There are 2 protein chains.
Amino acid sequence: MATSRSYRDRCPVARALDVVGERWALLVVRELLFGPQRFSELRRALPGASTNMLTDRLRELESHGVVEHRTLPPPAASTVYQLTERGNKLEGVLDALGGWGASEPEPVGGSVSLGAVLMFLRSLARAHVNPPKGLWTVILEGQPWSIIGRDGTVEISPGALPGADSQLETDPTTLNSLLLDPAGFDSAITHGRAVLHGAEGAPAWLSVAD
Amino acid sequence: MATSRSYRDRCPVARALDVVGERWALLVVRELLFGPQRFSELRRALPGASTNMLTDRLRELESHGVVEHRTLPPPAASTVYQLTERGNKLEGVLDALGGWGASEPEPVGGSVSLGAVLMFLRSLARAHVNPPKGLWTVILEGQPWSIIGRDGTVEISPGALPGADSQLETDPTTLNSLLLDPAGFDSAITHGRAVLHGAEGAPAWLSVAD
DNA sequence: CCGCATCCGTTTCGATACTG
DNA sequence: CAGTATCGAAACGGATGCGG
């Protein structure tokens, strides 16, 4: 059962693929990269993945020490899955894959998940000539995320932090469009696809203008 | 045949995995990372991969512009597979995966392939406090490879170059052991598992001593 | 031998339905 | 909400065979 087919190769690359090389595994890691998620949230983020598949992957990643699950205290009484410290170290792998895959054509009818847009947001902010400084909140799928720009670095963490410069509520697909074309910000606001609180105009992390 | 199942996800990570996420794909890329290889050489390097698997993967990678095949001029009259320029850019992905996978346990009865040991060699040489300077030849599986240390960088290219400081002939498994434990060098020579030409003592790129 | 195709048993994937 | 049960469709892995 847990005999995940091994490449039986002593190479570190093959050993990594023995753990995260199965279908969907790295996409599950991507969704957990910015914070814990529940089963149903993972399911929504990965529309093509069946429930059976998600269960298998989570168990397998858990048995390899990449993921762990935790039962939330009452009244939530639900289960969340999160990366272990070891799992978090896969960030570099995902960044490398994303860097390479960005020049591949987009599939037709493709979706944009929570983890996908957060990775995109962070990579753009980090690639900026002068990374944004400040603290912002973004609400996606009903969950708040903090964008922390400080000392030339940009981090994204789950949950809202006090003192945010502004708070933007939208959905992953809209945010993805805005990252690709920040000029559409006003239009997204007027059409109700995004709601801004606490400030006027597009937040600094969104604007590409030098 | 070329039914590459897509994740239908617009995220660059998923787009990369649409191309190189199938089983064996990245290990094929690993084997081609240091130079062209023929079908039978790939087969020897990947003992667990069946012939039809290799055929499928090579065709698929070729259709995605990662691999290309070339027919050697007579009298060789054989076919070699090599990475395209785009395929070569996967080096960073393999490095990241290898860096992560190095702390995973080695599988029992694992093999060591040509590409695996060359990646290992290069990563060790690059991680050295002062990378080796010089030109050496290593012969593995009957093929010569040049180790070029210059300006603090280390490159490995296929074929022998004139003026090498020394030439070491051995097999991937022995070389892997020597990289893990350079003290075994003399023993490997005396037992005939490695043959050294053109110099005395272990080549500089092998010695770990500061 | 090299590159590949074909056949076949086993494993995995993916969709739907169903249960606590 | 968080999975399990089931089942057909692929994909994998091994063996064999065929034309250069």
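Just so we're clear, the structure is a prediction, and the values are computed from it rather than from any experiment.
Atom pair Gln37(A):CD and dC1(D):P shows a separation of 13 Å (rounding to whole Å applied). Nucleotide dC13(C) holds its P atom 8 Å from the CD atom of Glu60(A), rounded to whole Å. Note: CG (Leu58(B)) to C1' (dG3(C)) measures 10 Å, nearest angstrom. Note: CG (Leu54(A)) to P (dC1(D)) measures 14 Å, nearest angstrom. Between Glu22(B) atom CD and dG13(D) atom C1' the separation is 16 Å, expressed in whole Å. Taking atom CG of residue Leu17(A) and atom P of nucleotide dC12(D), one finds them 14 Å apart after rounding to whole Å. We find that CG of Asp56(A) is positioned 12 Å from P of dG3(D), with the value rounded to whole Å. Computed from coordinates, the Leu46(A) CG to dA15(C) P distance equals 13 Å when rounded to whole Å.
Distance from the side chain of Thr79(A) is smallest to dG3(D) among dC2(C), dG3(D), dA5(C). For Ser78(A), the listed nucleotide lying nearest its side chain is dC1(D); candidates were dC1(D), dC13(C), dC12(D). Minimum atom distance to the side chain of Phe39(B) is reached by dG3(C), of the listed dG3(C), dC12(D), dC13(C). Side-chain atoms of Tyr81(A) lie closest to dG3(D) of the nucleotides dC4(C), dG3(D), dA2(D). For Arg59(B), counting side-chain heavy atoms from C-beta on, the closest listed nucleotide (dA2(D), dG14(C), dC4(C)) is dC4(C).
Between the side chains of Gln143(B) and Gln37(B), a donor-acceptor pair is found at a separation under 3.5 Å.
Aromatic ring pairs are classed by plane angle as parallel below 30°, tilted from 30° to 60° and perpendicular above 60°; the pair Phe39(A) and Tyr81(A) is tilted. Between Tyr7(B) and Trp24(A), the angle of the ring planes goes over 60°, which puts this pair in the perpendicular group of the 30/60° scheme.
Scored by the salt bridge (charged side-chain N to carboxylate O under 4.0 Å, His left out) test, Glu104(B) finds Arg86(A) as partners (sequence neighbours excluded). In this structure, the salt bridge (charged side-chain N to carboxylate O under 4.0 Å, His left out) partners of Arg10(A), at least two apart in sequence or on a different chain, are Glu106(B). Among residues two or more places apart in sequence or in another chain, the salt bridge (charged side-chain N to carboxylate O under 4.0 Å, His left out) test is passed with Arg70(B) by none. With sequence neighbours excluded, the residues satisfying salt bridge (charged side-chain N to carboxylate O under 4.0 Å, His left out) with Arg30(B) are Asp9(A).
For Arg38(A) and dA2(D), the shortest distance from a side-chain N or O to OP1 or OP2 is below 4.0 Å. Checking the phosphate oxygens (OP1, OP2) of dT12(C), no side-chain nitrogen or oxygen of Arg23(B) falls inside 4.0 Å. One finds no side-chain N or O of Trp24(A) lying less than 4.0 angstrom from the OP1 or OP2 phosphate oxygen of dT12(C). Not one side-chain nitrogen or oxygen of Arg43(A) sits closer than 4.0 Å to the OP1 or OP2 atom of dG3(D).
Ranked by how close their nearest DNA chain D nucleotide is to the 5' end, Met53(B) and Glu41(A) are led by Glu41(A).
The list of salt bridge (Lys or Arg N to Asp or Glu O under 4.0 Å) pairs with a residue in residues 156-171 of chain A, not counting sequence neighbours, is empty.
Residue contacts for Arg57(A): at a heavy-atom cut-off of 4.0 Å it reaches the sugar-phosphate backbone alone, with no base atom in range.
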What's touching nucleotides 15-20 of chain D from the protein side, N or O pairs under 3.5 Å?
none

